[in-house]
2 protein chains.
Amino acid sequence: MNGDWKPGQRIPIEHELAEQYRCSRMTVNKALSALAERGMILRRRKAGSFVAAQQIDRTVMDIQDISTEAELAGHEHDHRILKRRIERLDASGAALLGEKPGGEILRLQCLHLVDGKPNAIERRIIMLDAVPLARSESFASVPPAKWLLAQVPWSKARHIIRAVSADPATARLLETERGDACLTLIRQTWQNGRTVTYVEITHPGDRFQFAGDFQPAEPDISDHSPRRHAT
Amino acid sequence: MNGDWKPGQRIPIEHELAEQYRCSRMTVNKALSALAERGMILRRRKAGSFVAAQQIDRTVMDIQDISTEAELAGHEHDHRILKRRIERLDASGAALLGEKPGGEILRLQCLHLVDGKPNAIERRIIMLDAVPLARSESFASVPPAKWLLAQVPWSKARHIIRAVSADPATARLLETERGDACLTLIRQTWQNGRTVTYVEITHPGDRFQFAGDFQPAEPDISDHSPRRHAT
DNA sequence: TATATCTATTTGTATAGACAAAAACGGGCC
DNA sequence: GGCCCGTTTTTGTCTATACAAATAGATATA
């Protein structure tokens, strides 16, 4: 990693880099592929490799389930099931989930406490045909997120983060003021193209935030040595 | 990808998988390494590879600069510089940034308009010793984020997403009600361990959200064939 | 029993060679 | 000029081999 290359600039071809740094082309390829995967460079056959024009601000967020997160941080976690009802998916719900209406769902509402204080409200829909075992699960001892994680592997997830004002019911449960800013995480998970679960988790804004880091791979081909990572 | 493995279960060793799927160990290693990188499996020398106990909910968010994002979505973007002042970093600012106080900074405040409507307030600190060119830049035509992206490549970024209630000044500028929920993105970028810029971008909660997808790698070693990706 | 040391297993990574796939480029043709 | 087609460059990936590094488990020792 000597002089930083400028956006759009062409990188020497793999064979030249291999010769320059006295390593095999495979090693160069692996390093450059890693850079490409992180969006640092663009690669096109025959055309060559180029420093990415616009650095994409890509950040990786580890969005854990609340109980796991609390445990890892050394806090006490507890939860109360406020609502648990089997329904059929109506039209509006179906539109929200992108599924067909009519299927049986389990609708849950759950309050999460961290160190005894309300930390989040979880409103969840579980598709019962995707997770039949949920029908007989009370979720009294294991919170829904953890139970689901252990039961069903998901193959795709989508997250949305929103700021909302607390409605009266939410404010009361979270012991905050009505209208206070809250951070809502919406997560939908699929398996083989079918929704497994949809959940909205609302945190009081003054007690929660999401953080993510992005550390691009250093183009450290130059300080390459036989016994160090190249990625 | 035949039967899904259960968490904690041990995966056959690379040599066995190579034999089983009639490919070289390098190929197996590459596939498993990719899975490990995504947190799907855990690997330990001598011990073996194991299906990750807790599926880490890791999501990748593309957090673009506002103007770029608006352009991509086909919207009109404009901005106004509300404040532009050269100061010295005081103690509280230094603590916030994790830098030493006393250095010269450029403090900016900027209103972003999308399709003519206020969409965000940007409050930014630029370290002038890291970006000396900023001293003579007015940012009247190019918004700060875009200008910086073109000027200084960053090597590390940290993002925090928070929900906050609009203070009176923010509410007035964003043409929303005081106390309304807002989504604030905080981003700090470094180059070679030194802060380049720190920015807080506050969006009205009813006009903004962040989204991210996570699609884990399929363990598609079984349908391996000479001319398909193994990762 | 507890601790240190050795050994064998497993992953990590480099290498050289081979061929495939994409696509930029050039020539020939209308 | 514009279009088609073969050539060539560059990346993408697999193979087989080799050795290094970490460490679980076995053995020796206190």
Side-chain angles (χ1 to χ4, degrees), chain A residues 1-2 5-54 56 215-231, chain B residues 1-2 5-54 56 215-231:
Chain A
M1 131 102 201
N2 39 7
W5 288 311
K6 283 184 184 163
Q9 186 175 343
R10 180 170 175 175
I11 294 172
I13 64 169
E14 296 186 350
H15 183 73
E16 287 170 13
L17 287 172
E19 195 175 357
Q20 188 178 342
Y21 296 117
R22 308 297 184 94
C23 62
S24 75
R25 186 173 80 87
M26 266 301 289
T27 308
V28 171
N29 180 281
K30 215 178 158 188
L32 293 186
S33 298
L35 289 180
E37 198 166 319
R38 303 218 194 188
M40 308 295 294
I41 64 174
L42 302 171
R43 319 194 70 195
R44 262 172 30 241
R45 281 165 165 160
K46 166 74 184 177
S49 303
F50 304 85
V51 179
Q54 48 175 23
I56 298 168
Q215 175 95 50
E218 303 156 45
D220 58 356
I221 308 172
S222 61
D223 46 60
H224 159 85
S225 76
R227 56 188 57 81
R228 308 235 325 114
H229 272 261
T231 60
Chain B
M1 130 102 206
N2 38 7
W5 288 311
K6 283 183 185 163
Q9 185 176 343
R10 180 170 176 176
I11 293 173
I13 64 170
E14 295 187 350
H15 184 71
E16 287 171 12
L17 286 173
E19 195 176 357
Q20 188 178 340
Y21 295 117
R22 307 296 184 96
C23 62
S24 74
R25 186 172 80 86
M26 268 299 290
T27 307
V28 171
N29 180 282
K30 214 179 158 188
L32 294 185
S33 298
L35 290 180
E37 199 166 319
R38 302 220 194 185
M40 308 295 292
I41 63 174
L42 301 171
R43 319 194 71 196
R44 261 171 32 242
R45 281 165 166 162
K46 166 77 182 173
S49 303
F50 304 84
V51 179
Q54 43 177 22
I56 298 169
Q215 177 94 45
E218 303 156 45
D220 58 356
I221 307 174
S222 62
D223 46 60
H224 160 84
S225 76
R227 55 188 58 82
R228 307 235 326 115
H229 272 262
T231 61

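No hydrogens, no waters, no symmetry mates; every other heavy atom, side chains included, goes into these values. Just so you know, these numbers come straight off a predicted model, no measurement behind them.
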Checklist entry - Whole Å only: how far is the CE atom of B:Met26 from the C1' atom of D:dG12? => result 13 Å

Checklist entry - With side chains defined as the heavy atoms from C-beta onward, is the minimum distance between A:Glu14 and A:Leu17 less than 4.5 Å? => result no

Checklist entry - Of all heavy-atom pairs between B:Ala18 and B:Ser24, which one has the smallest distance, and what is that distance? => result CB-C, 3.9 Å

Item to check | Length of the line joining A:Phe50:CZ and D:dT10:C1', which is rounded to integer Å | outcome: 10 Å

Item to check | Integer-rounded Å distance: D:dA22 C1' and B:Leu42 CG | outcome: 16 Å

Checklist outcome for this item: Atom CD of A:Glu19 and atom P of D:dT10 are separated, to the nearest Å, by 13 Å

Checklist entry - Under the 3.5 angstrom rule, does the side chain of B:Arg10 hit a backbone N or O of B:Ala47 as a donor-acceptor pair? => result yes

Item to check | Minimum side-chain heavy-atom gap B:Arg43-B:Asn29 below 4.5 Å | outcome: yes

Item to check | Residue-phosphate contact under 4.0 Å: B:Ser24 side-chain N/O, D:dT17 OP1/OP2 | outcome: no

Next on the checklist: Which heavy atom of A:Cys23 sits nearest to which heavy atom of A:Val28, and what is that distance?
Outcome noted: SG-CG2, 3.7 Å

Write out a two-atom table: protein N or O, nucleotide N or O from nucleotides 7-11 of chain C, distance below 3.5 Å.
residue : atom : partner : partner atom : Å
C:dT9   : O4'  : B:Lys46 : NZ           : 3.3
C:dT10  : O2   : B:Lys46 : N            : 3.4
C:dT11  : OP1  : B:Ser49 : OG           : 3.4
C:dT11  : OP2  : B:Glu14 : N            : 3.1
C:dT11  : O2   : B:Arg45 : NE           : 3.2

Checklist entry - Between atom NZ in A:Lys30 and atom C1' in C:dT15, what is the gap in whole Å? => result 12 Å

Checklist outcome for this item: What one should report as the nearest heavy-atom pair of A:Ala52 and A:Gly39 is CB-O, 3.4 Å

